[in-house]
Protein chains: 2
Amino acid sequence: MAEAVNIKRLAQELNISIATVSKALNDSYEISLKTKNRVWTLAKELNYTPNPAASNLRSHKTKTVAVIIPCVANNFFSLSIKGIEEIARQYGYHVLIYQTHENIEAEVAFTNSLLNGRVDGILTSVSSSEYNSEYYTNLVKKIPLVFFDRVYENLDAVKVTTDDYEIAFQATEHLIECGCTKIAYLYGLENLPAGKARFAGYLDALKTHGIAADEQPVVKYQDDEELNLQHINELLREYKPDALFSSIEEFIIPAYCACREMGLKIPDDVKILSFSNLSTAKLLNPSLTTITQPAFEIGREAAKCLFKILNNKQLDDEQNIILKSMLIKRESTGC
Amino acid sequence: MAEAVNIKRLAQELNISIATVSKALNDSYEISLKTKNRVWTLAKELNYTPNPAASNLRSHKTKTVAVIIPCVANNFFSLSIKGIEEIARQYGYHVLIYQTHENIEAEVAFTNSLLNGRVDGILTSVSSSEYNSEYYTNLVKKIPLVFFDRVYENLDAVKVTTDDYEIAFQATEHLIECGCTKIAYLYGLENLPAGKARFAGYLDALKTHGIAADEQPVVKYQDDEELNLQHINELLREYKPDALFSSIEEFIIPAYCACREMGLKIPDDVKILSFSNLSTAKLLNPSLTTITQPAFEIGREAAKCLFKILNNKQLDDEQNIILKSMLIKRESTGC
DNA sequence: AGGCTAGGCGAAAACGTTTACGTAATTAAA
DNA sequence: TTTAATTACGTAAACGTTTTCGCCTAGCCT
C-alpha cells in the first residue's frame with residue numbers, strides 16, 4: 001500500500017526501460033540472461049507481482065476461469081470443484097465460483113457477466129430447470145467453454161460426462177437380480193441428457209428382463225423437501241414397490257425417512273439404490289448401495305480440457321470424454 | 001468478439017464524449033437525466049458491459065473477493081461458501097475460491113498472490129497445520145480481511161466464530177448425563193482457537209462433574225484415514241471408553257468403522273457424539289448426535305462484515321461475531 | 001451591462017502492463 | 001571489406017476505463 005512497486009520502479013532502479021523489464025519478467029527471448037537475472041532478483045527482493053488488471057487489459061488474458069454450478073453444497077459438485085481447483089493451481093489459474101441454484105436466469109446472468117473479459121474460459125454444469133440450447137449455441141462461439149456432467153448436446157463444445165445409461169442399466173439389473181419386479185423410479189434431472197440417459201438405462205434394463213417398464217411408478221424431483229417426502233410416502237403406500245431407484249442424491253434422505261415413517265424395512269420390504277457421492281453411504285442405516293460418479297476426476301478432466309483449449313493445444317481427437325461410474329453394492333439392496 | 005462494444009463506441013454513436021458516457025453509466029450528478037437515458041438505452045441495446053480490467057486498473061476496485069479455505073469438499077465449508085456467495089451476489093461481487101488443503105505454504109502463497117489488487121478483500125478460514133500469527137499480523141494491514149470459524153486471535157480483524165467452548169461443554173455434560181465416565185476425545189484443530197476451545201469445554205465439563213479430566217484418552221487427528229482408524233481401534237481396545245467425543249467431522253467414519261470392526265454396539269457399548277454438518281447424520285446407523293455449526297449463517301455473516309468494510313460502513317461496535325451451534329441429540333448417545 | 005453561479009459536458013491524463021517497431025552494436029556471411 | 005543477419009534493448013502506442021480540471025452556456029442578481 002505504501003510504496004507501489006511496479007514495472008516502472010523496477011526499471012528505474014535497474015536503469016533500464018520498462019519494456020525490457022516486462023520482457024525479462026515474461027522470459028522473452030529478446031532479453032539477455034544477464035539482464036533477466038538482474039530483473040528477477042530485484043523483483044523477488046521487492047516482492048513484485050504484476051498488476052493483474054493492467055496485464056489483463058493489455059494482453060486480454062486473465063488467468064482466471066469461472067465455474068458455474070447449481071450449488072456448491074452438494075457432494076458431487078464440491079468434489080468436482082476440488083478437482084478443478086487442483087488442475088487450475090497447476091496451470092496457475094484462478095477460479096471464480098457461481099451458484100445458480102438451478103435457476104436458469106441466474107445462470108444466464110452470471111454467464112453474461114463473464115463475457116466482457118473477466119475470465120478466459122468457463123466450466124459449467126448447467127441448471128436442470130430448463131433446457132435452453134439456443135443460448136448455449138451462441139455462447140460457445142463467444143468464449144471457451146467446457147461442460148461437465150450436466151451438458152448441452154449437439155454443440156461445438158467439449159463435454160465431460162459419465163456412462164449414465166450403462167450404469168443405470170447395470171444398477172437396474174442388480175435390483176432385478178435381487179428379485180425386485182416393482183421398481184419405482186425417483187426421477188431427477190429430467191430435462192437434461194444425464195437424467196434422460198439414466199431413465200433410459202433403467203427402462204431398457206426392465207424391458208430386457210421382461211418387466212413392463214411403463215407400469216413402473218415414477219416420482220419426479222421437486223425443489224421442496226417436504227413435497228418429495230410426501231410423494232415418496234404416497235408412492236410407497238399406493239404402489240408398494242419392492243425397490244426404489246433414485247437418480248439423484250437428493251432423494252436419499254426423503255426415501256429413507258419415508259420408509260422409516262411407513263415402517264418398511266430396508267432391504268427386506270423395499271430395496272434402495274441411488275446415484276450418490278455421499279461419503280457416509282456405507283454408514284447409513286442400512287448402508288446404501290450407490291452409483292458413484294468419479295466427481296473429482298470429472299472436475300480434473302474438464303479443467304484439463306479447458307486449459308488445453310486456452311493454451312491452443314490440440315484436444316485429442318474426441319470432444320466427448322466419458323468416465324465410468326461405479327456401482328457399489330451395500331446392504332440397502334441386500335443380496 | 002466481432003464488434004468490440006466499449007465506451008468509445010457508445011460515445012461515437014451518441015455524439016458525446018467518452019467522459020460523459022462513463023459518468024452517465026456511473027449515474028454521476030454531473031450528467032443530465034436526458035443524456036443518462038440516452039446512454040443507458042443504447043448501452044442496453046448494444047449489450048454493453050464495462051471491461052472489468054480497465055475499470056479495475058483505473059479505479060482500484062475489483063468487485064471481487066477471495067475465499068481461502070482448507071477444502072471445499074467438506075460440509076461445513078461448502079455450506080459456508082453457499083452463504084458467502086449469496087451475500088456476494090446481493091452486493092454484486094464475484095467470488096474466487098482457493099483451497100489450501102491444510103497446507104500453510106499454499107495458504108500463504110495464495111494470499112500473497114491476492115495482494116496486487118486482484119481482489120478487494122479476503123474471507124479466510126485458516127489451515128490447521130500451523131498457527132503462524134506473524135504473517136497475519138502483517139497481512140491485516142494490507143488488505144481487508146475477515147476470518148471465519150478458523151481464526152487468528154488478537155489481530156485487528158473481524159472474526160466470525162461459534163460458541164465452541166460452551167457447546168462442547170454442553171455436549172460433554174450430555175454424555176455424562178447419559179452415564180458416561182470414560183469419555184475419549186478425538187482431537188482436531190489442535191493448533192487453532194476453535195480446537196482448543198472445544199477441548200477446553202470438554203475438559204471443564206468433566207471437571208465440573210468430578211471426572212478426572214487428565215485420565216481421559218485423546219486421539220489426535222492425522223491427515224491419513226487409515227491412521228485415524230487404527231488409532232481409534234487402539235483406543236477402543238486399550239482404554240475401553242464408554243463414549244467418543246469427536247471434535248471434527250472427519251472422525252465420524254473411522255469411529256463408526258472402528259466400532260463395527262470391534263463389534264461394539266453404539267450406543268450400548270460406546271456412545272458417539274461429533275461436531276458435524278453432515279446432512280445424513282440422522283440416517284446413520286445409528287443416527288448420530290451432532291454439534292452442528294450454523295455454517296451457512298457463518299458464511300453469510302462473514303461476507304456481510306467484509307462488504308460493510310469494503311463499503312466503508314461502520315461495523316456495529318463488535319469485531320467478534322459469535323454464532324450459536326446446536327446440539328442435536330440422536331441415537332448414538334441414546335438417552 | 002457586467003459579474004456570478006451552476007449545470008452540463010469535453011479534453012486529457014492516468015492506471016500498469018504488453019507489444020509492434022525502431023535502432024545500435026555485434027557477429028556472421030559473402 | 002562490405003553486407004546481411006542477429007542480438008539486446010528502447011520508444012511509444014495501446015488496452016478501456018475513471019477522474020480532474022476547465023470550458024461554455026444560460027440564467028440570475030446587482
Side-chain angles (χ1 to χ4, degrees), chain A residues 1-40 42-43 46-64 92 113-120, chain B residues 1-40 42-43 46-64 92 113-120:
Chain A
M1 257 179 193
E3 8 69 48
V5 38
N6 51 23
I7 252 186
K8 203 194 228 167
R9 166 93 179 277
L10 295 184
Q12 284 176 347
E13 303 220 358
L14 293 174
N15 257 319
I16 55 180
S17 78
I18 64 166
T20 305
V21 175
S22 173
K23 288 173 190 167
L25 290 170
N26 292 316
D27 203 10
S28 161
Y29 69 96
E30 294 183 59
I31 306 300
S32 71
L33 188 58
K34 195 172 148 191
T35 314
K36 281 180 187 173
N37 279 326
R38 290 182 62 214
V39 173
W40 291 339
L42 183 65
L46 298 185
N47 236 317
Y48 167 82
T49 55
N51 179 301
S55 156
N56 167 214
L57 176 59
R58 182 55 227 244
S59 68
H60 299 291
K61 298 281 167 205
T62 64
K63 279 278 181 181
T64 305
S113 80
L114 300 172
L115 296 179
N116 51 17
R118 185 173 287 275
V119 298
D120 296 341
Chain B
M1 258 182 191
E3 8 70 45
V5 39
N6 51 23
I7 253 187
K8 202 195 229 168
R9 165 95 180 275
L10 294 183
Q12 283 175 346
E13 302 220 359
L14 294 174
N15 256 319
I16 56 181
S17 76
I18 63 165
T20 305
V21 174
S22 173
K23 288 173 189 166
L25 289 171
N26 292 317
D27 204 10
S28 160
Y29 70 96
E30 293 182 60
I31 306 299
S32 71
L33 188 58
K34 197 170 146 191
T35 314
K36 281 181 187 173
N37 279 325
R38 291 181 63 213
V39 173
W40 290 340
L42 183 65
L46 298 184
N47 238 318
Y48 167 80
T49 55
N51 179 301
S55 157
N56 167 214
L57 176 59
R58 184 54 229 242
S59 69
H60 299 290
K61 298 282 165 203
T62 64
K63 279 277 181 185
T64 305
S113 80
L114 300 172
L115 296 179
N116 50 16
R118 185 174 287 275
V119 299
D120 296 341

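To find a chain, count down the sequence lines: A is the first, B the second, and so on, and within it residues start at 1.
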Residue-phosphate contact under 4.0 Å: [X] side-chain N/O, [N] OP1/OP2:
X	N	result
A:N26	C:dT18	yes
A:T35	D:dA8	no
B:S22	D:dT18	yes

Can you sort out the partners of A:S32 under side-chain hydrogen bond (donor to acceptor under 3.5 Å, both in side chains), two or more places apart, ordered by chain and number?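 For A:S32, the residues satisfying side-chain hydrogen bond (donor to acceptor under 3.5 Å, both in side chains) (neighbours in sequence not counted) are A:T35.
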All N/O donor-acceptor pairs, side-chain side in residues 14-21 of chain A, below 3.5 Å, sequence neighbours left out:
unit_1	atom_1	unit_2	atom_2	d
A:S17	OG	A:A19	N	3.4
A:S17	OG	A:T20	N	3.2
A:S17	OG	A:T20	OG1	3.0

Across the strands shown, which category fits A:S32 at heavy-atom distances under 4.0 angstrom: base, sugar-phosphate, nothing? sugar-phosphate
So which heavy atom on [X] is nearest to which on [Y], and how close?
X	Y	result
B:L25	B:Y48	CD1-CE2, 3.5 Å
B:A24	B:I31	N-CG1, 3.9 Å
B:P52	A:G117	CG-C, 4.5 Å

Close approaches to DNA chain D from residues 10-21 of chain B, in residue order (heavy atom, under 4.0 Å):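 Close to the strand are B:I18, B:A19.
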How many Å lie between [atom1] on [X] and [atom2] on [N], as a whole number?
X	N	atom1	atom2	answer
A:D27	D:dA8	CG	C1'	15 Å
B:K36	C:dC9	NZ	C1'	13 Å
A:Y29	D:dT7	OH	P	9 Å
B:I7	D:dC15	CD1	C1'	13 Å
B:K8	C:dA11	NZ	P	13 Å
A:L33	D:dA8	CG	P	10 Å
A:L25	C:dG16	CG	C1'	12 Å
B:K61	D:dT18	NZ	C1'	13 Å

Sorted by number, the residues of residues 47-58 of chain B with heavy-atom contact under 4.0 Å to DNA chain C: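 Close to the strand are B:L57, B:R58.
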Go nucleotide by nucleotide along DNA chain C from the 5' end; which of B:H60 and B:I31 gets its closest nucleotide reached first? B:I31
Within the structure provided, determine whether B:N116 and A:N51 are in side-chain contact (heavy-atom separation under 4.5 Å).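 With C-beta onward as the side chain, the pair stays apart.
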Are any of the side-chain heavy atoms of A:T64 and A:R118 separated by less than 4.5 Å?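 No, too far: nothing below the 4.5 Å cut-off.
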Sequence neighbours excluded, which residues qualify as side chain to side chain contact (heavy atoms under 4.5 Å, CB included) partners of A:S113? B:H94
Residues in side chain to side chain contact (heavy atoms under 4.5 Å, CB included) with A:N26, at least two apart?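 Checked A:N26 against side chain to side chain contact (heavy atoms under 4.5 Å, CB included); matches are A:S22.
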Using nucleotides 25-28 of chain D, report all nitrogen or oxygen pairs with the protein that are shorter than 3.5 Å.
none

If a pair satisfies salt bridge (charged side-chain N to carboxylate O under 4.0 Å, His left out) and one of its residues is in residues 14-28 of chain A, list it, with sequence neighbours excluded.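 For residues 14-28 of chain A, and leaving out neighbouring residues, the salt bridge (charged side-chain N to carboxylate O under 4.0 Å, His left out) pairs sorted by first residue read A:K23-A:E30, A:D27-A:K36.
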At what distance, to the nearest 0.5 angstrom, does CD of A:E13 lie from CZ of A:R9? 4.5 Å
I need the A:T49 OG1 to A:N6 CG distance, nearest 0.5 Å.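 Interatomic distance, A:T49 OG1 to A:N6 CG, rounded to 0.5 Å: 10.5 Å.
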Sequence neighbours left out, what passes salt bridge (Lys or Arg N to Asp or Glu O under 4.0 Å) with A:K63? Give chain and number order. none
Would you list the atom pairs, donor with acceptor, under 3.5 Å between side chains in residues 53-60 of chain A and any protein atom, with sequence neighbours excluded?
unit_1	atom_1	unit_2	atom_2	d
A:N56	ND2	A:K61	O	3.4
A:S59	OG	A:S55	O	2.6
A:S59	OG	A:K61	N	3.3

Just how large is the angle between the end axes of the helix from C:dA1-D:dT30 to C:dA30-D:dT1, five pairs per end, to 10 degrees?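 Inter-axis angle at the termini of the helix from C:dA1-D:dT30 to C:dA30-D:dT1: 50°.
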Polar side-chain atom of B:T62 near backbone of B:D120 as donor-acceptor pair, under 3.5 Å: yes
Report, one pair per line, the protein and nucleotides 22-24 of chain D atoms (nitrogen or oxygen only) whose separation is under 3.5 Å.
none

